[in-house]
Amino acid sequence: MSTLTGAAARREELMLPYRHVDTHFIDGGWTRSQGTGRIEVTDPATGAVWGSVPAGTSQDVDTAVRSAHHALHSSPWKNTTPSERAALLLRIAHQIENRAGELSLTNTLENGSPVSETGGAAANAAGIFRYFASLAPLLEQEDLRPFPNGAGETLVRRDPVGICALIAPWNFPINLMVIKLAPALLAGCTVVMKPASPTPLSFRIIMDALDAAGVPAGVANLVTGPGRMGDELVRHPLVSKVAFTGSTPVGRTIAAACGELLRPVTLELGGKSSALVLPDADLDLLGSRLIRSCMRNTGQTCYISTRILAPAERYDEVVDVVAATIASAPQGDPLDPATVFGPSANRSQYQTVLGYLEAGHAEGARAVTGGATAQLDGDLADGFFIQPTVFADVTPDMTISREEIFGPVITVLKYSSEDEAVSLANNTEFGLGGLVFGADEERALSVAERMDTGSVGVNFFASNHAAPFGGRHDSGLGTEYGPEGLAAYLSYKSIHRQAR
(Lines give C-alpha, C1' and ligand atoms only; values in the text may rest on other atoms or scores of the structure.)
Protein backbone atom coordinates (compact mmCIF):
# COMPACT_ATOMS: atom_id res chain seq x y z
CA MET A 1 0.00 0.00 0.00
CA SER A 2 2.84 2.37 -0.82
CA THR A 3 2.37 5.69 -2.54
CA LEU A 4 4.29 7.13 -5.44
CA THR A 5 7.35 9.17 -4.62
CA GLY A 6 6.52 12.82 -5.10
CA ALA A 7 2.83 12.11 -5.71
CA ALA A 8 1.77 15.58 -4.60
CA ALA A 9 4.18 17.26 -6.99
CA ARG A 10 3.10 14.94 -9.80
CA ARG A 11 -0.56 15.84 -9.22
CA GLU A 12 0.27 19.54 -9.20
CA GLU A 13 1.99 19.17 -12.56
CA LEU A 14 -0.88 17.22 -14.10
CA MET A 15 -3.65 19.46 -12.82
CA LEU A 16 -2.30 22.82 -13.93
CA PRO A 17 -3.78 22.85 -17.46
CA TYR A 18 -7.24 21.88 -16.29
CA ARG A 19 -7.83 23.55 -12.96
CA HIS A 20 -10.65 26.03 -13.46
CA VAL A 21 -12.76 26.61 -16.56
CA ASP A 22 -15.81 28.80 -17.08
CA THR A 23 -17.18 27.57 -20.40
CA HIS A 24 -19.53 25.08 -22.02
CA PHE A 25 -19.09 23.81 -25.58
CA ILE A 26 -21.99 25.29 -27.57
CA ASP A 27 -22.42 25.99 -31.28
CA GLY A 28 -18.93 24.89 -32.24
CA GLY A 29 -16.88 26.64 -29.56
CA TRP A 30 -16.20 27.18 -25.88
CA THR A 31 -18.84 29.58 -24.62
CA ARG A 32 -18.89 31.35 -21.25
CA SER A 33 -21.67 30.19 -18.94
CA GLN A 34 -24.58 32.53 -18.35
CA GLY A 35 -24.43 31.81 -14.61
CA THR A 36 -21.88 32.33 -11.88
CA GLY A 37 -22.25 29.08 -9.97
CA ARG A 38 -19.39 26.59 -9.79
CA ILE A 39 -18.99 22.83 -9.39
CA GLU A 40 -15.78 21.73 -7.72
CA VAL A 41 -13.74 18.78 -8.97
CA THR A 42 -12.14 16.63 -6.27
CA ASP A 43 -9.29 14.14 -6.54
CA PRO A 44 -10.75 11.15 -4.64
CA ALA A 45 -7.29 9.76 -3.93
CA THR A 46 -6.38 12.78 -1.80
CA GLY A 47 -9.69 14.47 -1.04
CA ALA A 48 -8.30 17.71 -2.44
CA VAL A 49 -10.29 20.06 -4.67
CA TRP A 50 -8.24 20.69 -7.80
CA GLY A 51 -10.60 22.22 -10.35
CA SER A 52 -14.02 23.59 -11.10
CA VAL A 53 -16.48 24.04 -13.96
CA PRO A 54 -19.61 26.13 -14.48
CA ALA A 55 -22.80 25.08 -12.76
CA GLY A 56 -24.83 25.77 -15.86
CA THR A 57 -28.18 27.49 -15.97
CA SER A 58 -31.48 26.91 -17.70
CA GLN A 59 -30.37 29.51 -20.21
CA ASP A 60 -27.22 27.51 -20.96
CA VAL A 61 -29.30 24.39 -21.59
CA ASP A 62 -31.70 26.28 -23.82
CA THR A 63 -28.87 27.86 -25.82
CA ALA A 64 -27.24 24.47 -26.34
CA VAL A 65 -30.49 22.80 -27.42
CA ARG A 66 -31.35 25.60 -29.81
CA SER A 67 -27.88 25.36 -31.30
CA ALA A 68 -28.49 21.64 -31.87
CA HIS A 69 -31.91 22.45 -33.36
CA HIS A 70 -30.42 24.89 -35.85
CA ALA A 71 -27.71 22.41 -36.85
CA LEU A 72 -30.31 19.67 -37.36
CA HIS A 73 -32.72 21.69 -39.50
CA SER A 74 -30.90 24.65 -41.02
CA SER A 75 -27.28 23.68 -41.62
CA PRO A 76 -25.41 21.49 -44.12
CA TRP A 77 -25.41 18.69 -41.51
CA LYS A 78 -28.98 17.75 -42.48
CA ASN A 79 -27.81 16.87 -46.00
CA THR A 80 -24.77 14.79 -45.11
CA THR A 81 -24.77 11.16 -46.21
CA PRO A 82 -24.07 8.19 -43.93
CA SER A 83 -20.73 7.71 -45.68
CA GLU A 84 -19.76 11.31 -45.01
CA ARG A 85 -20.75 10.96 -41.37
CA ALA A 86 -18.80 7.70 -41.13
CA ALA A 87 -15.71 9.47 -42.44
CA LEU A 88 -16.20 12.08 -39.71
CA LEU A 89 -16.41 9.34 -37.07
CA LEU A 90 -13.12 7.92 -38.29
CA ARG A 91 -11.47 11.33 -37.98
CA ILE A 92 -12.85 11.65 -34.46
CA ALA A 93 -11.37 8.27 -33.55
CA HIS A 94 -7.96 9.41 -34.74
CA GLN A 95 -8.16 12.66 -32.78
CA ILE A 96 -9.17 10.82 -29.61
CA GLU A 97 -6.22 8.48 -29.89
CA ASN A 98 -3.95 11.52 -30.18
CA ARG A 99 -5.20 12.59 -26.74
CA ALA A 100 -4.89 9.23 -24.97
CA GLY A 101 -2.46 10.37 -22.29
CA GLU A 102 -4.33 13.45 -21.13
CA LEU A 103 -7.64 11.58 -21.27
CA SER A 104 -6.31 8.86 -18.99
CA LEU A 105 -4.75 11.19 -16.44
CA THR A 106 -7.67 13.61 -16.30
CA ASN A 107 -10.12 10.75 -15.88
CA THR A 108 -8.03 9.29 -13.04
CA LEU A 109 -7.76 12.63 -11.26
CA GLU A 110 -11.55 13.08 -11.51
CA ASN A 111 -12.82 9.71 -10.32
CA GLY A 112 -9.85 7.76 -8.99
CA SER A 113 -9.98 5.00 -11.59
CA PRO A 114 -6.46 3.51 -11.75
CA VAL A 115 -4.43 4.43 -14.82
CA SER A 116 -4.33 0.70 -15.53
CA GLU A 117 -8.05 1.15 -16.28
CA THR A 118 -8.18 4.65 -17.77
CA GLY A 119 -5.16 4.00 -19.96
CA GLY A 120 -7.43 2.10 -22.34
CA ALA A 121 -10.23 4.66 -22.41
CA ALA A 122 -9.06 6.45 -25.56
CA ALA A 123 -8.52 3.22 -27.49
CA ASN A 124 -11.93 1.92 -26.48
CA ALA A 125 -13.65 5.19 -27.37
CA ALA A 126 -11.90 5.26 -30.74
CA GLY A 127 -12.95 1.65 -31.32
CA ILE A 128 -16.58 2.56 -30.67
CA PHE A 129 -16.46 5.35 -33.26
CA ARG A 130 -14.82 3.03 -35.79
CA TYR A 131 -17.37 0.30 -35.21
CA PHE A 132 -20.34 2.59 -35.78
CA ALA A 133 -18.63 4.07 -38.85
CA SER A 134 -18.63 0.53 -40.25
CA LEU A 135 -22.45 0.48 -40.06
CA ALA A 136 -22.88 3.29 -42.59
CA PRO A 137 -23.73 0.84 -45.42
CA LEU A 138 -26.76 -0.32 -43.42
CA LEU A 139 -28.15 3.20 -43.63
CA GLU A 140 -27.46 3.48 -47.35
CA GLN A 141 -29.10 0.25 -48.46
CA GLU A 142 -32.46 0.69 -50.14
CA ASP A 143 -35.17 -1.01 -48.11
CA LEU A 144 -38.06 -1.86 -50.45
CA ARG A 145 -40.77 -4.17 -49.10
CA PRO A 146 -43.61 -5.58 -51.23
CA PHE A 147 -47.13 -5.80 -49.84
CA PRO A 148 -47.92 -9.43 -48.95
CA ASN A 149 -51.06 -9.27 -51.14
CA GLY A 150 -49.19 -7.78 -54.08
CA ALA A 151 -51.09 -4.49 -53.92
CA GLY A 152 -47.95 -2.37 -53.95
CA GLU A 153 -44.59 -1.77 -52.33
CA THR A 154 -43.26 0.26 -49.44
CA LEU A 155 -40.01 2.21 -49.34
CA VAL A 156 -38.73 2.34 -45.77
CA ARG A 157 -36.67 5.42 -44.91
CA ARG A 158 -34.44 5.80 -41.86
CA ASP A 159 -34.31 9.36 -40.58
CA PRO A 160 -32.41 10.74 -37.58
CA VAL A 161 -34.65 10.79 -34.54
CA GLY A 162 -33.71 14.42 -33.85
CA ILE A 163 -31.99 16.25 -31.01
CA CYS A 164 -30.67 13.80 -28.42
CA ALA A 165 -30.02 14.50 -24.74
CA LEU A 166 -27.09 12.31 -23.67
CA ILE A 167 -26.32 11.96 -19.95
CA ALA A 168 -23.37 9.90 -18.67
CA PRO A 169 -22.29 8.77 -15.16
CA TRP A 170 -19.05 9.25 -13.25
CA ASN A 171 -17.62 5.72 -13.26
CA PHE A 172 -16.70 5.60 -16.98
CA PRO A 173 -17.28 9.22 -18.00
CA ILE A 174 -15.73 8.92 -21.47
CA ASN A 175 -16.91 5.62 -22.89
CA LEU A 176 -20.42 5.68 -21.43
CA MET A 177 -20.98 8.94 -23.28
CA VAL A 178 -19.28 7.78 -26.47
CA ILE A 179 -21.53 4.71 -26.79
CA LYS A 180 -24.39 7.19 -27.16
CA LEU A 181 -22.61 9.88 -29.15
CA ALA A 182 -21.17 7.69 -31.93
CA PRO A 183 -24.47 6.11 -33.11
CA ALA A 184 -26.29 9.43 -32.72
CA LEU A 185 -23.82 11.16 -35.03
CA LEU A 186 -23.85 8.34 -37.59
CA ALA A 187 -27.65 8.48 -37.66
CA GLY A 188 -27.50 12.20 -38.43
CA CYS A 189 -28.78 13.44 -35.07
CA THR A 190 -27.50 16.42 -33.14
CA VAL A 191 -26.77 16.17 -29.43
CA VAL A 192 -26.50 18.01 -26.16
CA MET A 193 -24.41 16.13 -23.62
CA LYS A 194 -24.20 16.45 -19.85
CA PRO A 195 -21.49 14.60 -17.91
CA ALA A 196 -21.92 13.70 -14.26
CA SER A 197 -21.09 16.58 -11.94
CA PRO A 198 -18.09 14.80 -10.25
CA THR A 199 -16.43 14.15 -13.64
CA PRO A 200 -16.97 17.17 -15.88
CA LEU A 201 -13.43 17.74 -17.18
CA SER A 202 -12.30 14.63 -19.03
CA PHE A 203 -15.03 14.85 -21.66
CA ARG A 204 -13.90 18.36 -22.53
CA ILE A 205 -10.91 16.65 -24.11
CA ILE A 206 -13.29 14.63 -26.28
CA MET A 207 -14.99 17.86 -27.32
CA ASP A 208 -11.62 19.21 -28.45
CA ALA A 209 -11.17 16.02 -30.48
CA LEU A 210 -14.59 16.48 -32.09
CA ASP A 211 -13.73 20.06 -32.97
CA ALA A 212 -10.37 19.08 -34.44
CA ALA A 213 -12.08 16.37 -36.50
CA GLY A 214 -14.38 18.94 -38.08
CA VAL A 215 -17.72 18.29 -36.42
CA PRO A 216 -19.95 21.15 -37.65
CA ALA A 217 -21.06 23.87 -35.25
CA GLY A 218 -24.09 22.93 -33.18
CA VAL A 219 -23.98 19.22 -33.95
CA ALA A 220 -22.35 18.28 -30.63
CA ASN A 221 -22.77 20.45 -27.53
CA LEU A 222 -21.64 19.97 -23.92
CA VAL A 223 -22.99 21.60 -20.77
CA THR A 224 -21.90 21.01 -17.18
CA GLY A 225 -23.91 21.39 -14.04
CA PRO A 226 -25.84 19.67 -11.24
CA GLY A 227 -28.50 17.03 -11.59
CA ARG A 228 -31.33 19.53 -12.08
CA MET A 229 -29.76 20.49 -15.39
CA GLY A 230 -30.22 16.94 -16.56
CA ASP A 231 -33.91 17.18 -15.78
CA GLU A 232 -34.16 20.46 -17.68
CA LEU A 233 -32.38 18.89 -20.64
CA VAL A 234 -34.61 15.80 -20.61
CA ARG A 235 -37.74 17.97 -20.54
CA HIS A 236 -36.69 20.58 -23.08
CA PRO A 237 -39.46 20.82 -25.71
CA LEU A 238 -37.03 20.56 -28.64
CA VAL A 239 -35.37 17.34 -27.44
CA SER A 240 -36.56 14.23 -29.30
CA LYS A 241 -34.63 11.40 -27.63
CA VAL A 242 -32.94 10.75 -24.27
CA ALA A 243 -30.13 8.33 -23.45
CA PHE A 244 -29.01 7.96 -19.84
CA THR A 245 -26.61 5.75 -17.93
CA GLY A 246 -26.70 5.92 -14.14
CA SER A 247 -28.59 4.80 -11.08
CA THR A 248 -31.95 3.08 -11.17
CA PRO A 249 -33.72 5.73 -9.03
CA VAL A 250 -32.64 8.54 -11.37
CA GLY A 251 -33.50 6.32 -14.35
CA ARG A 252 -37.04 5.93 -13.04
CA THR A 253 -37.41 9.70 -12.83
CA ILE A 254 -36.18 10.12 -16.40
CA ALA A 255 -38.42 7.31 -17.62
CA ALA A 256 -41.42 8.97 -16.00
CA ALA A 257 -40.62 12.28 -17.68
CA CYS A 258 -40.15 10.62 -21.07
CA GLY A 259 -43.37 8.69 -20.65
CA GLU A 260 -45.23 11.89 -19.93
CA LEU A 261 -43.66 13.54 -22.97
CA LEU A 262 -43.96 10.45 -25.23
CA ARG A 263 -40.23 10.74 -25.83
CA PRO A 264 -38.10 7.67 -26.66
CA VAL A 265 -35.51 6.84 -24.03
CA THR A 266 -32.62 4.43 -23.57
CA LEU A 267 -31.71 3.66 -19.96
CA GLU A 268 -28.70 1.65 -18.81
CA LEU A 269 -29.05 1.41 -15.05
CA GLY A 270 -27.81 -0.59 -12.09
CA GLY A 271 -26.99 -4.24 -11.65
CA LYS A 272 -26.50 -6.99 -9.10
CA SER A 273 -25.04 -9.72 -11.27
CA SER A 274 -23.91 -13.20 -10.28
CA ALA A 275 -20.94 -15.35 -11.19
CA LEU A 276 -22.26 -18.90 -10.98
CA VAL A 277 -19.43 -21.35 -10.29
CA LEU A 278 -20.34 -24.86 -11.42
CA PRO A 279 -18.93 -27.88 -9.52
CA ASP A 280 -16.44 -28.68 -12.32
CA ALA A 281 -15.13 -25.11 -12.64
CA ASP A 282 -11.42 -24.43 -12.95
CA LEU A 283 -10.76 -22.27 -9.90
CA ASP A 284 -7.40 -21.10 -11.23
CA LEU A 285 -9.29 -19.69 -14.22
CA LEU A 286 -11.81 -18.10 -11.86
CA GLY A 287 -8.99 -16.44 -9.96
CA SER A 288 -7.31 -15.14 -13.11
CA ARG A 289 -10.49 -13.49 -14.36
CA LEU A 290 -12.07 -12.50 -11.07
CA ILE A 291 -10.98 -8.87 -10.79
CA ARG A 292 -11.78 -7.91 -14.38
CA SER A 293 -15.17 -9.67 -14.30
CA CYS A 294 -16.25 -9.13 -10.71
CA MET A 295 -14.37 -6.14 -9.28
CA ARG A 296 -13.45 -3.99 -12.27
CA ASN A 297 -12.74 -0.31 -11.58
CA THR A 298 -12.69 -0.83 -7.80
CA GLY A 299 -16.13 -2.46 -8.04
CA GLN A 300 -17.65 0.62 -9.67
CA THR A 301 -18.93 -1.06 -12.83
CA CYS A 302 -22.60 -1.69 -13.48
CA TYR A 303 -22.43 -5.15 -15.05
CA ILE A 304 -19.77 -6.88 -12.92
CA SER A 305 -20.72 -10.06 -11.08
CA THR A 306 -20.21 -9.11 -7.45
CA ARG A 307 -22.17 -12.11 -6.15
CA ILE A 308 -20.25 -15.39 -6.39
CA LEU A 309 -22.52 -18.46 -6.26
CA ALA A 310 -20.47 -21.45 -5.14
CA PRO A 311 -21.44 -25.14 -4.92
CA ALA A 312 -21.72 -26.36 -1.34
CA GLU A 313 -19.13 -29.11 -1.88
CA ARG A 314 -16.51 -26.57 -3.01
CA TYR A 315 -17.65 -23.53 -1.06
CA ASP A 316 -14.54 -23.19 1.11
CA GLU A 317 -12.27 -23.62 -1.92
CA VAL A 318 -14.06 -20.88 -3.81
CA VAL A 319 -13.97 -18.52 -0.83
CA ASP A 320 -10.23 -19.12 -0.43
CA VAL A 321 -9.51 -18.42 -4.11
CA VAL A 322 -11.65 -15.30 -4.19
CA ALA A 323 -10.22 -13.94 -0.94
CA ALA A 324 -6.61 -14.66 -1.92
CA THR A 325 -7.05 -13.03 -5.33
CA ILE A 326 -8.62 -9.87 -3.91
CA ALA A 327 -6.21 -9.57 -0.98
CA SER A 328 -3.14 -9.87 -3.21
CA ALA A 329 -4.17 -7.11 -5.64
CA PRO A 330 -2.37 -3.81 -4.90
CA GLN A 331 -4.37 -0.90 -3.55
CA GLY A 332 -2.96 2.61 -3.60
CA ASP A 333 -2.37 5.67 -5.71
CA PRO A 334 -4.42 5.37 -8.91
CA LEU A 335 -1.62 7.19 -10.77
CA ASP A 336 0.64 4.20 -10.08
CA PRO A 337 0.43 1.74 -13.01
CA ALA A 338 0.71 -1.16 -10.55
CA THR A 339 -2.43 -0.16 -8.63
CA VAL A 340 -5.47 -2.39 -9.08
CA PHE A 341 -7.80 -0.90 -6.47
CA GLY A 342 -8.12 2.87 -6.19
CA PRO A 343 -10.45 4.98 -4.07
CA SER A 344 -14.20 5.32 -4.26
CA ALA A 345 -14.97 7.92 -6.89
CA ASN A 346 -16.37 10.54 -4.53
CA ARG A 347 -17.16 11.14 -0.88
CA SER A 348 -20.84 10.30 -1.27
CA GLN A 349 -20.12 6.90 -2.77
CA TYR A 350 -17.47 6.26 -0.12
CA GLN A 351 -20.05 6.80 2.60
CA THR A 352 -22.55 4.60 0.77
CA VAL A 353 -20.10 1.69 0.59
CA LEU A 354 -19.19 2.07 4.26
CA GLY A 355 -22.88 1.76 5.04
CA TYR A 356 -23.01 -1.54 3.17
CA LEU A 357 -19.97 -2.82 5.07
CA GLU A 358 -21.73 -2.02 8.33
CA ALA A 359 -24.86 -3.82 7.11
CA GLY A 360 -22.83 -6.88 6.13
CA HIS A 361 -21.24 -7.12 9.58
CA ALA A 362 -24.50 -6.44 11.39
CA GLU A 363 -26.45 -9.06 9.44
CA GLY A 364 -23.93 -11.84 10.12
CA ALA A 365 -21.72 -11.99 7.03
CA ARG A 366 -18.06 -12.89 7.59
CA ALA A 367 -15.40 -10.60 6.15
CA VAL A 368 -12.71 -13.00 4.94
CA THR A 369 -10.57 -10.09 3.80
CA GLY A 370 -11.14 -6.35 4.12
CA GLY A 371 -14.33 -5.07 5.65
CA ALA A 372 -13.28 -1.56 6.70
CA THR A 373 -11.78 1.69 5.53
CA ALA A 374 -8.24 1.51 4.15
CA GLN A 375 -5.61 3.55 5.99
CA LEU A 376 -3.10 4.85 3.46
CA ASP A 377 -0.19 7.14 4.20
CA GLY A 378 1.17 10.44 3.00
CA ASP A 379 -0.72 12.30 0.29
CA LEU A 380 -3.38 9.58 0.25
CA ALA A 381 -4.29 9.72 3.93
CA ASP A 382 -7.46 11.73 3.24
CA GLY A 383 -8.49 9.78 0.15
CA PHE A 384 -11.73 7.82 -0.15
CA PHE A 385 -10.17 4.36 0.17
CA ILE A 386 -12.02 1.25 1.31
CA GLN A 387 -10.37 -2.13 1.78
CA PRO A 388 -11.27 -4.55 -1.03
CA THR A 389 -13.66 -6.86 0.78
CA VAL A 390 -14.89 -10.44 0.44
CA PHE A 391 -17.88 -11.46 2.53
CA ALA A 392 -18.54 -15.18 3.08
CA ASP A 393 -21.48 -16.91 4.79
CA VAL A 394 -23.80 -14.57 2.91
CA THR A 395 -27.47 -15.49 2.64
CA PRO A 396 -29.88 -14.29 -0.08
CA ASP A 397 -31.88 -12.10 2.31
CA MET A 398 -28.90 -9.97 3.39
CA THR A 399 -28.73 -6.37 2.21
CA ILE A 400 -25.28 -6.88 0.67
CA SER A 401 -26.67 -9.79 -1.34
CA ARG A 402 -29.67 -7.90 -2.70
CA GLU A 403 -28.58 -4.31 -3.33
CA GLU A 404 -26.04 -2.81 -5.69
CA ILE A 405 -23.05 -1.68 -3.62
CA PHE A 406 -20.90 -0.09 -6.35
CA GLY A 407 -17.68 -0.50 -4.45
CA PRO A 408 -14.91 -3.06 -3.81
CA VAL A 409 -17.15 -5.66 -2.16
CA ILE A 410 -17.80 -9.25 -3.24
CA THR A 411 -20.25 -11.62 -1.59
CA VAL A 412 -20.03 -15.42 -1.76
CA LEU A 413 -23.25 -17.44 -1.47
CA LYS A 414 -23.70 -21.22 -1.25
CA TYR A 415 -25.98 -23.42 -3.37
CA SER A 416 -26.82 -27.11 -3.31
CA SER A 417 -28.14 -27.77 -6.84
CA GLU A 418 -28.01 -26.26 -10.30
CA ASP A 419 -31.67 -25.30 -10.10
CA GLU A 420 -31.07 -23.52 -6.80
CA ALA A 421 -28.06 -21.72 -8.29
CA VAL A 422 -30.07 -20.44 -11.25
CA SER A 423 -32.87 -19.40 -8.89
CA LEU A 424 -30.39 -17.44 -6.77
CA ALA A 425 -28.93 -15.78 -9.85
CA ASN A 426 -32.40 -14.73 -10.99
CA ASN A 427 -33.60 -13.71 -7.53
CA THR A 428 -32.86 -10.04 -8.06
CA GLU A 429 -34.65 -6.93 -9.26
CA PHE A 430 -31.84 -6.36 -11.75
CA GLY A 431 -30.78 -8.10 -14.96
CA LEU A 432 -27.66 -6.62 -16.53
CA GLY A 433 -24.70 -9.02 -16.47
CA GLY A 434 -23.67 -12.45 -15.31
CA LEU A 435 -21.09 -15.22 -15.57
CA VAL A 436 -20.95 -18.97 -15.56
CA PHE A 437 -17.69 -20.77 -14.79
CA GLY A 438 -17.51 -24.42 -15.77
CA ALA A 439 -15.11 -26.85 -17.44
CA ASP A 440 -17.93 -28.38 -19.50
CA GLU A 441 -18.72 -25.40 -21.73
CA GLU A 442 -21.89 -26.93 -23.16
CA ARG A 443 -23.30 -27.32 -19.68
CA ALA A 444 -22.13 -23.82 -18.74
CA LEU A 445 -23.84 -22.46 -21.87
CA SER A 446 -27.10 -24.19 -20.96
CA VAL A 447 -26.95 -22.60 -17.51
CA ALA A 448 -26.20 -19.20 -19.04
CA GLU A 449 -29.32 -19.57 -21.21
CA ARG A 450 -31.42 -19.91 -18.06
CA MET A 451 -30.15 -16.70 -16.46
CA ASP A 452 -32.60 -13.80 -16.80
CA THR A 453 -30.19 -11.04 -17.74
CA GLY A 454 -29.11 -8.95 -20.71
CA SER A 455 -25.55 -10.30 -20.97
CA VAL A 456 -23.89 -13.47 -19.71
CA GLY A 457 -20.30 -14.63 -20.04
CA VAL A 458 -19.09 -18.21 -20.12
CA ASN A 459 -15.67 -18.38 -18.41
CA PHE A 460 -15.11 -14.82 -19.71
CA PHE A 461 -16.87 -11.46 -19.85
CA ALA A 462 -16.29 -8.40 -22.01
CA SER A 463 -18.45 -5.94 -23.89
CA ASN A 464 -18.60 -6.46 -27.65
CA HIS A 465 -19.17 -3.30 -29.68
CA ALA A 466 -21.01 -5.38 -32.29
CA ALA A 467 -23.46 -7.04 -29.89
CA PRO A 468 -26.40 -5.43 -28.08
CA PHE A 469 -25.84 -4.48 -24.44
CA GLY A 470 -28.78 -3.65 -22.23
CA GLY A 471 -30.55 -4.53 -19.04
CA ARG A 472 -33.74 -6.23 -18.05
CA HIS A 473 -36.09 -5.30 -15.22
CA ASP A 474 -34.58 -2.56 -13.00
CA SER A 475 -31.40 -2.53 -15.07
CA GLY A 476 -32.93 -0.43 -17.79
CA LEU A 477 -34.72 -0.06 -21.11
CA GLY A 478 -33.38 -0.51 -24.63
CA THR A 479 -29.94 -1.45 -25.84
CA GLU A 480 -26.62 0.09 -26.74
CA TYR A 481 -23.90 -1.24 -29.08
CA GLY A 482 -24.50 -3.22 -32.26
CA PRO A 483 -26.96 -2.33 -35.03
CA GLU A 484 -29.60 -2.30 -32.30
CA GLY A 485 -27.79 0.61 -30.63
CA LEU A 486 -27.83 2.52 -33.90
CA ALA A 487 -31.54 1.85 -34.39
CA ALA A 488 -32.26 3.70 -31.15
CA TYR A 489 -31.30 6.95 -32.91
CA LEU A 490 -33.42 6.39 -36.01
CA SER A 491 -36.99 7.26 -36.87
CA TYR A 492 -38.69 5.21 -39.58
CA LYS A 493 -40.90 6.43 -42.39
CA SER A 494 -42.84 4.13 -44.73
CA ILE A 495 -43.64 5.47 -48.20
CA HIS A 496 -46.30 3.33 -49.87
CA ARG A 497 -46.60 3.01 -53.65
CA GLN A 498 -49.36 1.23 -55.51
CA ALA A 499 -48.48 -1.62 -57.85
CA ARG A 500 -48.39 -0.70 -61.51
Side-chain angles (χ1 to χ4, degrees), residues 1-21 38-53 99-122 170-174 195-205 291 295-301 326-354 357 369-389 406-409:
M1 295 196 180
S2 62
T3 64
L4 287 177
T5 303
R10 176 63 170 150
R11 280 184 162 75
E12 185 72 14
E13 175 189 351
L14 292 172
M15 293 172 185
L16 281 174
Y18 314 112
R19 279 189 185 277
H20 300 285
V21 296
R38 310 291 298 172
I39 290 180
E40 293 182 335
V41 181
T42 300
D43 175 4
T46 65
V49 174
W50 65 274
S52 63
V53 297
R99 293 161 171 78
E102 61 180 327
L103 272 171
S104 171
L105 294 172
T106 308
N107 189 346
T108 293
L109 291 170
E110 281 185 316
N111 71 359
S113 293
V115 291
S116 58
E117 176 71 56
T118 64
W170 45 255
N171 58 329
F172 292 96
I174 297 167
S197 54
T199 53
L201 288 171
S202 56
F203 208 81
R204 291 174 67 94
I205 301 169
I291 291 175
M295 200 79 106
R296 182 180 179 186
N297 196 26
T298 315
Q300 299 169 127
T301 306
I326 298 303
S328 64
Q331 180 177 39
D333 195 318
L335 291 175
D336 186 341
T339 294
V340 174
F341 292 113
S344 293
N346 52 70
R347 188 179 300 277
S348 175
Q349 190 59 29
Y350 171 76
Q351 296 294 340
T352 295
V353 177
L354 288 181
L357 294 182
T369 186
T373 59
Q375 302 300 316
L376 276 67
D377 299 325
D379 301 326
L380 309 182
D382 294 325
F384 310 141
F385 290 91
I386 291 173
Q387 295 175 352
T389 299
F406 227 60
V409 182

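Everything numeric in this text was worked out from a predicted model, so none of it was measured.
In this structure, D43 CG and F384 CZ are separated by 8.5 Å, a value rounded to the nearest 0.5 Å. In this structure, OG1 on T298 lies 8.5 Å from CD on E117, to the nearest 0.5 angstrom.
No donor-acceptor pair under 3.5 Å is formed between the side chain of E102 and the backbone N or O of I205. In terms of modelled atom types and a separation under 3.5 Å, the side chain of N111 and the main chain of N171 share a donor-acceptor contact. One N or O on the side chain of T108 and one on the backbone of S104 form a donor-acceptor pair closer than 3.5 Å.
With a 6.0 Å radius and a threshold of 12 heavy atoms from other residues, nucleotides or ligands, E40 has its CD atom at or below the threshold.
Side-chain contact of S113 with N297: a donor-acceptor pair under 3.5 Å is present, judged by distance alone.
Heavy-atom minimum distance, E110 versus P173: OE1-CG, 4.4 Å. Taking every heavy atom of both residues into account, W50 and L201 meet most closely at CH2-CD1, 3.6 Å. The heavy-atom pair separating V340 from P114 by the smallest distance is O-CG, 3.5 Å. Residues G407 and M295 approach most closely at O-SD, 4.2 Å, considering heavy atoms. The two atoms that bring I174 and A121 nearest to each other are CD1-CB, 4.2 Å, heavy atoms only. Of all heavy-atom pairs between L357 and A372, the closest is CD1-N, 3.8 Å.
Aromatic ring pairs are classed by plane angle as parallel below 30°, tilted from 30° to 60° and perpendicular above 60°; the pair W170 and F406 is perpendicular.
In this structure, T373 and Y350 have side chains that are in contact, with non-hydrogen atoms separated by less than 4.5 Å. The shortest side-chain heavy-atom distance between L105 and L335 falls under the 4.5 Å cut-off. P343 is listed as a side-chain neighbour of P334, based on a closest heavy-atom distance under 4.5 Å.
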(message) Please determine whether side-chain contact (heavy atoms from CB on, under 4.5 Å) holds for the pair I326 and F341, giving the CA-CA distance in whole Å, both sets of side-chain angles, and the decisive distance to 0.1 Å.
(response) CA-CA 9 Å; I326 298 303; F341 292 113; 4.1 Å; yes
(request) Please assess L354 against I386 for the test side-chain contact (heavy atoms from CB on, under 4.5 Å), listing each intermediate value before the final yes or no. (result) CA-CA 8 Å; L354 288 181; I386 291 173; 4.0 Å; yes
(message) Using the rule given for side-chain contact (heavy atoms from CB on, under 4.5 Å), can you reason through F172 versus N107, listing the C-alpha separation, both sets of side-chain angles and the distance that settles it, and then say yes or no?
(response) CA-CA 8 Å; F172 292 96; N107 189 346; over 6 Å; no
(message) Using the rule given for side-chain contact (heavy atoms from CB on, under 4.5 Å), can you reason through T46 versus L380, listing the C-alpha separation, both sets of side-chain angles and the distance that settles it, and then say yes or no?
(response) CA-CA 5 Å; T46 65; L380 309 182; 4.2 Å; yes
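Looking at P195, S197, P200 one by one, the single match for side-chain contact (heavy atoms from CB on, under 4.5 Å) with V53 turns out to be P200.
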